[in-house]
Amino acid sequence: VGSEMCIRDRRRGVPGRGGPVSLHIASRLAGSRPAIESRLTDFFTEQIRESMAYGKDFERLWQLAADTALRGKLVRPLLLVETFDALAPAGGVCTRETLIDLAAAIELLHLSFLMHDDVIDGDLVRRGRPNLVGALLHESPASVDRPGAALHWAQTGGILMGDLLLSASYQIFARADLARADHGDERELGEDLDRQQPQEQRQQHPHERAPGQLEPLGGDEVQHCFDL
């Protein structure tokens, strides 16, 4: 957040802000931006190309989503990259390419939340410009002529795109090539904590619940949730 304020204040010419450290951070963040923008551009270009097989309306939906994404400030992915560079262990846990993929996925996740949020709040404008729902409403086809149908059609597009971006971000996270962590320290910590437990708790029956512990769902309960 501090880095974002520094960049914003420098653009606005606010006096008294931005020493050498702030300028260094701003420079590092600006250096990561082209790589993230390029990754997002590649993602949306591919999605637009694939959407053409499903008709002009679906293609236009992806075009509007791309326009929204590439106008963003990218604060969250930039902070992810900066945090990784500051805290990652020597040798890193992933390549730079994978880091940029994850940063782009963070932005897609953020966009999915924005799409759904605009539908929930009934918003048609974001930062003084029509958001995706507002643009769809303006471009609604002539066949959508019933009262309220155009807004319903536009909000349906916002929900659909939010779902698609949410799914896409999770796929990138799941496929990320990350180094496997050594859980030896965690296992030792768990054993130490177990030794510190009172004897009666360690001898507790595996299916006996401790006070306040929730009972796990069984197969019937899980199936009931899917049936709802």
Side-chain angles (χ1 to χ4, degrees), residues 1 3-4 7 25-55 57-121 123 126-127 129 131-133 135-136 155-183 186 226:
V1 176
S3 301
E4 179 193 3
I7 295 172
I25 294 175
S27 176
R28 286 176 60 91
L29 290 175
S32 300
R33 177 181 292 274
I36 299 172
E37 289 178 338
S38 177
R39 181 66 184 88
L40 289 171
T41 298
D42 290 345
F43 169 80
F44 281 105
T45 299
E46 178 65 16
Q47 297 304 317
I48 292 172
R49 184 187 66 80
E50 293 183 355
S51 69
M52 295 171 64
Y54 299 94
D57 289 338
F58 195 47
E59 178 185 358
R60 182 57 179 157
L61 181 62
W62 275 108
Q63 290 172 347
L64 291 172
D67 179 65
T68 300
L70 298 176
R71 285 192 287 109
K73 294 179 289 185
L74 305 181
V75 173
R76 291 157 187 81
L78 288 171
L79 289 180
L80 172 68
V81 172
E82 186 66 16
T83 302
F84 177 88
D85 288 341
L87 302 179
V93 296
C94 67
T95 65
R96 198 71 184 177
E97 181 180 359
T98 298
L99 175 60
I100 296 301
D101 285 346
L102 293 174
I106 288 290
E107 185 67 9
L108 295 178
L109 183 64
H110 170 59
L111 288 170
S112 75
F113 295 157
L114 290 184
M115 301 294 178
H116 289 161
D117 184 66
D118 284 343
V119 173
I120 293 170
D121 294 342
D123 291 335
R126 183 170 291 276
R127 300 196 191 100
R129 296 182 55 176
N131 57 18
L132 183 135
V133 176
L136 288 174
Q155 290 181 329
T156 300
I159 294 171
L160 174 60
M161 181 49 62
D163 290 347
L164 290 170
L165 293 176
L166 184 64
S167 175
S169 66
Y170 283 160
Q171 289 183 49
I172 296 174
F173 294 143
R175 296 170 180 170
D177 184 14
L178 302 176
R180 295 181 62 86
D182 182 4
H183 298 290
E186 289 84 346
F226 282 107

Trainee: Could I get the full list of side-chain hydrogen bond (donor to acceptor under 3.5 Å, both in side chains) partners for Asp42, not counting sequence neighbours?
Mentor: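 For Asp42, no residue satisfies side-chain hydrogen bond (donor to acceptor under 3.5 Å, both in side chains) once neighbours in sequence are set aside.
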Trainee: Return the CG to CG distance between Asp118 and Asn131, rounded to the nearest 0.5 Å.
Mentor: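 Interatomic distance, Asp118 CG to Asn131 CG, rounded to 0.5 Å: 4.0 Å.
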Trainee: Indicate the atoms forming the closest heavy-atom contact of Leu78 with Ser32, along with that distance.
Mentor: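 Heavy-atom minimum between the residues: CD2-CB, 3.9 Å.
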Trainee: Please verify the inter-ring angle class for Tyr170 with Phe173; under 30° counts as parallel, over 60° as perpendicular, anything in between as tilted.
Mentor: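 Aromatic pair Tyr170/Phe173 classed tilted.
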Trainee: Under the rule for side chain to side chain contact (heavy atoms under 4.5 Å, CB included), what residues qualify as partners of Ala66, not counting sequence neighbours?
Mentor: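 Residues passing side chain to side chain contact (heavy atoms under 4.5 Å, CB included) with Ala66: Phe44, Ile48.
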Trainee: Look at Arg60 together with Asp67 and state whether they make a salt bridge at an N to O cut-off of under 4.0 Å.
Mentor: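 Salt bridge absent between Arg60 and Asp67.
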Trainee: Tell me whether the count of non-hydrogen atoms from other residues, nucleotides or ligands lying under 6.0 Å of CZ in Arg71 goes above 12.
Mentor: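 Yes, because the 6.0 Å sphere around CZ of Arg71 holds more than 12 heavy atoms from other groups.
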Trainee: Show the nearest heavy-atom pair for residues Arg33 and Lys73, with the distance to one decimal.
Mentor: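 It is NH2-O, 2.8 Å.
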Trainee: Please test Thr95 against Asp177 for side chain to side chain contact (heavy atoms under 4.5 Å, CB included), starting from the C-alpha separation and ending with a verdict.
Mentor: CA-CA 8 Å; Thr95 65; Asp177 184 14; 5.7 Å; no
Trainee: If I take atom CG from residue Leu102 and atom CZ from residue Arg39, how far apart are they, to the nearest 0.5 angstrom?
Mentor: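 Answer rounded to 0.5 Å: 10.0 Å.
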Trainee: What closest approach, in Å, do Ala103 and Val81 show between heavy atoms, and which atom pair accounts for it?
Mentor: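 Closest heavy-atom pair between Ala103 and Val81: CB-CG2, 3.9 Å.
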Trainee: Determine, stepwise, if the pair Asp123 / Val133 fulfils side chain to side chain contact (heavy atoms under 4.5 Å, CB included).
Mentor: CA-CA 8 Å; Asp123 291 335; Val133 176; over 6 Å; no
Trainee: Where is the tightest heavy-atom contact between Ala35 and Ile100, given as atom of each residue plus distance?
Mentor: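 Scanning both residues, the minimum pair turns out to be O-CG2, 3.6 Å.
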Trainee: Indicate whether any N or O donor in one side chain lies under 3.5 Å from an N or O acceptor in the other, for Thr41 and Glu37.
Mentor: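 On atom types as modelled, these side chains do not qualify, holding no pair under 3.5 Å.
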Trainee: What are the two closest non-hydrogen atoms of Leu132 and Gly158, and how far apart are they?
Mentor: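 The answer is CD2-CA, 3.7 Å.
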Trainee: Would a 4.5 Å heavy-atom cut-off, applied to side chains only, mark Asp85 and Arg96 as touching?
Mentor: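 Touching, per the 4.5 Å side-chain cut-off.
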Trainee: Please test Thr68 against Arg129 for side chain to side chain contact (heavy atoms under 4.5 Å, CB included), starting from the C-alpha separation and ending with a verdict.
Mentor: CA-CA 10 Å; Thr68 300; Arg129 296 182 55 176; over 6 Å; no
Trainee: Under 6.0 Å from the CD atom of Glu46, do we count more than 12 heavy atoms belonging to anything else shown?
Mentor: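 Correct, the count exceeds 12.
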Trainee: Roughly how far apart are Phe58 CZ and Glu50 CD, rounded to 0.5 Å?
Mentor: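 Reported to 0.5 Å precision, the distance equals 9.5 Å.
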Trainee: Under 3.5 Å, sequence neighbours excluded: what are the donor-acceptor pairs made by side chains of residues 104-116?
Mentor:
unit_1: His110; atom_1: NE2; unit_2: Arg76; atom_2: NH1; d: 3.4
unit_1: Ser112; atom_1: OG; unit_2: Leu109; atom_2: O; d: 2.6
unit_1: His116; atom_1: NE2; unit_2: Ile159; atom_2: O; d: 3.3
unit_1: His116; atom_1: NE2; unit_2: Asp163; atom_2: N; d: 3.4
unit_1: His116; atom_1: NE2; unit_2: Asp163; atom_2: OD1; d: 3.0

Trainee: Of the non-hydrogen atoms in Ala176 and Thr98, which two are nearest, and what is the gap between them?
Mentor: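 Heavy-atom minimum between the residues: CB-CG2, 4.1 Å.
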Trainee: Would you please test Thr156 and Leu136 for side chain to side chain contact (heavy atoms under 4.5 Å, CB included) and show each step?
Mentor: CA-CA 10 Å; Thr156 300; Leu136 288 174; over 6 Å; no
Trainee: Ser169 side chain to Leu166 main-chain N or O, any donor-acceptor pair under 3.5 Å?
Mentor: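 Yes: the side chain of Ser169 pairs with the backbone of Leu166.
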